[in-house]
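Because only heavy atoms are used, hydrogens play no part in the values below, and waters and symmetry mates are left out as well, while side chains stay in. Both counts, for ligands and for their atoms, begin at 1 and track the order of listing.
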Amino acid sequence: MQIHIVKSPELAAEAAATLIAAAILENPDLVLGLPTGSSPLGAYRALIRMHREGLLDFSKVATYNLDEYVGLDGTHEQSYRRFMDENLFEHVNIPRENTHVPSGVGPDPERNARDYEAAILSAGGIDLQFMGIGRNGHIGFNEPSDSFADKTAVIALSPSTVEANKRFFASADDVPKTAVSMGVGTILRARRALLLATGRDKAEAIRGMVNGPVTPMLPASALRFHPNCVAILDEAAASLL
Ligand code: F6R
């Protein structure tokens with residue numbers, strides 16, 4: 001794993017956006033895996049700026065998001081589909097049909113998960129997977145557990161993740177308790193991986209990811225087995241290294 005430490009969250013966002021932009025410039029048909037959450041927002045703003053300046057063309061890019069809450073359709077204001085529309089897709093020239101977010105609705109979420117994994121495969125796999133990290137070391141919604149999930153699956157959110165995400169809902173009771181998420185295996189099969197972490201509250205997870213054992217109790221530690229993974233950290237997130 002290549003680790004880059006920069007002074008501020010703003011610089012970390014610029015660095016992540018620069019790497020993604022370079023990948024799109026190298027390969028206009030890039031298959032790009034994307035996260036939601038606070039971590040990628042600065043990078044998304046930078047990518048939108050580069051698009052507006054005429055530097056970046058998203059017309060052939062295809063995107064696959066890491067996850068979606070079960071039970072929220074794409075119009076729900078806390079759905080990850082809506083998050084992506086509002087924070088990136090509506091501001092760049094990506095065709096809507098090229099953007100993919102797992103479906104959290106319908107009678108059979110497990111089937112949605114299987115279909116999503118198959119769709120990634122039929123797109124030729126993910127070229128570059130961008131992601132954040134949870135305070136407990138989760139990636140996507142792969143929570144600490146006793147085994148690594150291989151493929152996209154329906155996953156129960158841990159109490160700490162429900163707690164962390166309740167800030168977006170009226171109360172913890174309103175936070176969905178399951179999600180469809182790419183598996184750790186899905187993430188590891190991406191040809192390149194890019195993890196962005198900023199802030200002191202990620203420092204423990206980053207220490208475990210970089211220096212602890214590779215264990216499903218800290219899912220991001222699996223990235224140490226990825227042959228082409230870059231972690232971009234600000235000084236606060238790197239403060240326990
Ligand atoms: C979001 C996702 C999660 C987040 C993680 C960090 O699609 O897959 O793993 O990346 O929970 O969230 P933030 O960035 O809000 O701290």
Side-chain angles (χ1 to χ4, degrees), residues 9-10 12-13 16-17 20 32-46 63-70 72 74 76 78-89 99-104 113 116 120 126 128-145 148-149 152-169 172 175-188 190 193-206 208-209 216 218-223 229 231-234 236-238:
E10 291 76 22
I20 295 167
L32 178 61
L34 293 174
T36 60
S38 325
S39 305
L41 283 173
Y44 290 161
R45 281 193 293 270
T63 62
Y64 285 84
N65 263 79
L66 283 162
D67 40 23
E68 178 62 282
Y69 288 120
V70 168
L72 303 193
H76 189 286
Q78 294 306 335
S79 75
Y80 285 175
R81 156 56 76 181
R82 174 115 171 236
F83 176 99
M84 290 308 302
D85 288 346
E86 288 178 353
N87 290 293
L88 181 65
F89 300 151
T99 66
H100 307 271
V101 180
S103 169
Y116 197 70
I120 292 170
I126 292 170
L128 173 61
Q129 178 66 54
F130 179 31
M131 75 199 96
I133 183 172
R135 289 176 224 179
N136 62 6
H138 71 221
I139 47 175
F141 269 130
N142 294 278
E143 300 285 18
S145 80
F148 289 115
T152 305
V154 177
I155 291 180
L157 307 197
S158 73
S160 73
T161 298
V162 171
E163 186 58 31
N165 290 358
K166 78 169 191 216
R167 64 193 196 274
F168 301 115
F169 293 84
V175 184
K177 305 299 180 293
T178 53
V180 177
S181 173
M182 287 187 195
V184 173
T186 321
I187 294 168
L188 290 181
L194 167 61
L195 183 134
L196 171 63
T198 57
R200 181 62 181 79
D201 63 342
K202 299 294 171 68
E204 294 279 356
I206 292 299
M209 175 183 84
L218 202 151
S221 64
L223 293 171
C229 177
I232 296 176
L233 313 173
D234 72 348

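- Closest approach of Ala205 to Ile133, counting heavy atoms only: CB-CD1, 3.9 Å.
- Distances shorter than 4.0 angstrom occur between a heavy atom of His138 and an atom of ligand 1.
- Atoms of ligand 1 lying under 4.0 Å from any heavy atom of Lys202, numbered from 1 in the order shown and given with element: 6 (C), 13 (P), 16 (O).
- With ligand atoms numbered from 1 in the order given, ligand 1 contributes 8 (O) to contacts under 4.0 Å with heavy atoms of Leu66.
- Atom CG of Leu34 and atom CG of Leu128 lie 8.5 Å apart (nearest 0.5 Å).
- Taking distance alone, with nitrogen or oxygen atoms compared against 3.5 Å, Tyr80 stays at or beyond that limit from ligand 1.
- Paired with Thr99 under the rule side chain to side chain contact (heavy atoms under 4.5 Å, CB included), one option of Leu32, Thr63, Leu88 passes, and it is Thr63.
- From the protein, the heavy atom lying nearest to atom 14 (O) of ligand 1 is Ser39 OG, 2.5 Å.
- Between the side chain of Glu68 and the backbone N or O of Tyr80 there is at least one donor-acceptor pair closer than 3.5 Å.
- Closest to atom 15 (O) of ligand 1, if we only count protein heavy atoms, is Ser38 N, 2.8 Å.
- Taking a cut-off of under 4.0 Å to the non-hydrogen atoms of Pro35, the atoms of ligand 1 that pass are 7 (O).
- By the 30° and 60° cut-offs, the orientation of the rings of Tyr64 relative to His100 is parallel.
- For atom 10 (O) of ligand 1, the candidate residues are Gly132, Ala205, Gly134; the nearest heavy-atom contact is made by Gly132.
- The single protein non-hydrogen atom nearest to atom 6 (C) of ligand 1 is Ile133 O, 3.3 Å, given as residue, atom name and distance.
- Among all heavy-atom pairs drawn from Leu195 and Leu223, the shortest one is CD1-CD1, 3.6 Å.
- Closest to atom 1 (C) of ligand 1 among all protein heavy atoms lies Thr36 OG1, 3.2 Å.
- Annotation: Phe168 is not in aromatic contact with Phe83 [ring centroid separation under 6.0 Å not met].
- Relative ring orientation between Phe130 and Tyr44 is described as perpendicular, the plane-to-plane angle rising above 60° on a 0-90° scale split at 30° and 60°.
- Within the 4.5 Å cutoff, the side chain of Asn65 has no heavy atoms near those of the Arg81 side chain.
- Numbered from 1 in the order shown, with element, the atoms of ligand 1 that lie under 4.0 Å from a heavy atom of Arg167 read 15 (O).
- Shortest contact from atom 7 (O) of ligand 1 to any protein heavy atom: Asp67 OD1, 2.7 Å.
- When only interatomic distances are considered, the shortest N/O to N/O separation between Gly140 and ligand 1 falls below 3.5 Å.
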